[in-house]
Amino acid sequence: MNSGPDAKPTRPRSAIIAIYDKTCLGARYVHASVRAAGYPCDLILFRDRRVLGTPPTDEEYRLLRDLLARLKPAVVGVSLRSFAFGIAERVTRAAREAGVPLVVWGGTHPTLDPESCLGPADAAVVGEGEQTMVDIMAAVTAGLPLTGIRNVWTRGPDGIIRAPLRPLEQDLDSVPFPVMGDEGKYTIDKGRLHEGDIYLGKTDQPRSYYIIASRGCPFNCDFCCNNAIRRRFEGLGTYVRKRSPENVVRELEAARAAMPLNYVSFMDELFTLDRDWNREICALYKPRIGLPFWAGVHPRTVTDEMMATMVDAGLHLVMMGIQSGSERSRRENFHRSTTNEEILRATRLIHKYRLVSYFDFIVDNPYETRDDLRQTLELILELPRPHNLEVFSLCWFPSTSLTERALADGKITRDDLEDRTSKTFDHFLSDPTRPSNADNQFAITIAWFEQLKVNWPDLTVKFWQNEFDGSRHLLPQGLLRFFVSRDFFWERPELTRRLLNLVVRPMRYTIHSLRYARAGVRMVQAGKSRELIGKLRQRLN
Ligand code: SF4
């Protein structure tokens, strides 16, 4: 408060709200940048992605409104992806009810489709928001309008005012690290307000730290948000940018000084985008951090030498997009020119190093035929085991080349776009019981059964296993190939599911029985026979 002639004027307060993402790297970098520029800024985590699919309750919106009424920010920044459009509208309404004078939306969705945000929000930030949010705070401090601030779109009396875009930040080392600790941070989740940060706040529980060492992707897949963002920033600097290895490792050291860590998650689109850079990070990471980590790779960038380097540094798990087994579809629909041979070579290398693997595929693509889907399943059935699959329903992100083509071809309408369907929210991962056309449902069914695995020595049956050793697929590939080769089953996905269930159910029962029997023997050996009898009685009752 301004209490005398020499006192500095109070700087306006802001709050950044992240929706369904406690790690929210983009929002955290903006939050850290605004604070580093000397403006008070709170961070509010509005639910976490682990409860995706469950919408926020009225009580949680009320908690948010009351919190904002208490904090009294002059500006609220809402960070959102397309799926969260409807939730962001209600979050904005809560902010307005709390008396917040200015609500700005930023993040992936406002970058892809800023026009759609101007209505609910007063302004949309297009692109990376660190410096833009600082400029917004400077304008608010000076009592100036936002018009003309680079990357900010607003609505004027004559329509949308599109300010020019600033060049992409090339010096990523200049971006401050996310703020550790609980001060000025709030979490609204499970119907409660927690005064603190459930991810980077004080804790005794070791956790995984999420970090991004680069921005952008050297590839340009037609369905991916990178495709649209790259086009929007064409001519405004190099799209793929890397932090220095020293800066990356320093952030990890700062995180480890603030909380116990047991794992590191590299959230880069592609951690293997540059061999020398990757090698340098690994060389610093191993002696100074030395924790197991996961990273995203691309079939084209997986080399024996790079895998050996990363495994030596602690690589435990990789994620790799394959998307389709049809080379034609990958090339024509996704703008991915990798061959199946390159993909299989990469998966064999991943297997050679006994890494946990997650391979991504996309279904529900109206440009794919049964033959394309059959090739996808044939490729899946050639992948070295064990592996995990993530089979996604194609999301139509605004402004990507594939979305624009499908809109022009009449394959989809505006109502199929991700801000309307929110697939990421509640049916991102395909489920064989969800209605789809017969061919896609059949493909999802086979992929679902293909990845059922038993873990030894746990004797648990699950889809995703995060251990390489002891993870065994339940069904033989030959059995699944038999189904894939018969059109009769493609036309009857429900029958296929029932038949495969008939095979799997007794296997599951046998494995579970073995687990219970082993637990019983162990209790007897430990002299806990009475306790065992009590437990059995309880179960029988
Ligand atoms: S490789 Fe992955 S991140 Fe890069 S453009 Fe393709 S889908 Fe997007």
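In this text, all values refer to a predicted model and were calculated from it rather than measured experimentally. Indexing begins at 1, ligand by ligand and atom by atom, following the structure's order.
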Strictly by modelled atom types, are Lys423 and Ser393 linked by a side-chain donor-acceptor pair under 3.5 Å? yes
Note the single closest protein heavy atom to atom 6 (Fe) of ligand 1, along with its residue, its atom name and the distance in Å. Cys221 SG, 2.3 Å
Is Arg336 near ligand 1, meaning one of its heavy atoms is under 4.0 Å from it? yes
Atoms in ligand 1 with a heavy atom of Phe219 nearer than 4.0 Å: 1 (S), 5 (S)
Would you say the side-chain atoms of Lys185 pair up with the backbone N or O of Leu45, donor to acceptor, closer than 3.5 Å? no
For atom 1 (S) of ligand 1, what's the nearest protein heavy-atom neighbour? Residue, atom name and distance, please. Cys217 SG, 3.7 Å
Arg150 with Asp135: basic N within carboxylate O range, under 4.0 Å: no
Atoms of ligand 1 under 4.0 Å from any heavy atom of Asn226, numbered from 1 in the order shown, are 3 (S), 8 (Fe)
Phe334 near ligand 1, heavy-atom distance under 4.0 Å? no
Would you list the pairs meeting ring-ring contact (aromatic ring centres under 6.0 Å, His included) in which at least one residue belongs to residues 219-251, sequence neighbours left out? Phe219-His298, Phe223-Phe334
By number and element, which atoms of ligand 1 are closer than 4.0 Å to a non-hydrogen atom of Glu269? 3 (S)
Could you tell me the residue and atom name of the protein heavy atom closest to atom 8 (Fe) of ligand 1, and the distance to it rounded to 0.1 Å? Cys224 SG, 2.4 Å
Check ion pair Glu130-Arg215 (N to O, under 4.0 angstrom): yes
Less than 4.5 Å apart, side chain to side chain, heavy atoms only: is that true for Tyr285 and Phe266? yes
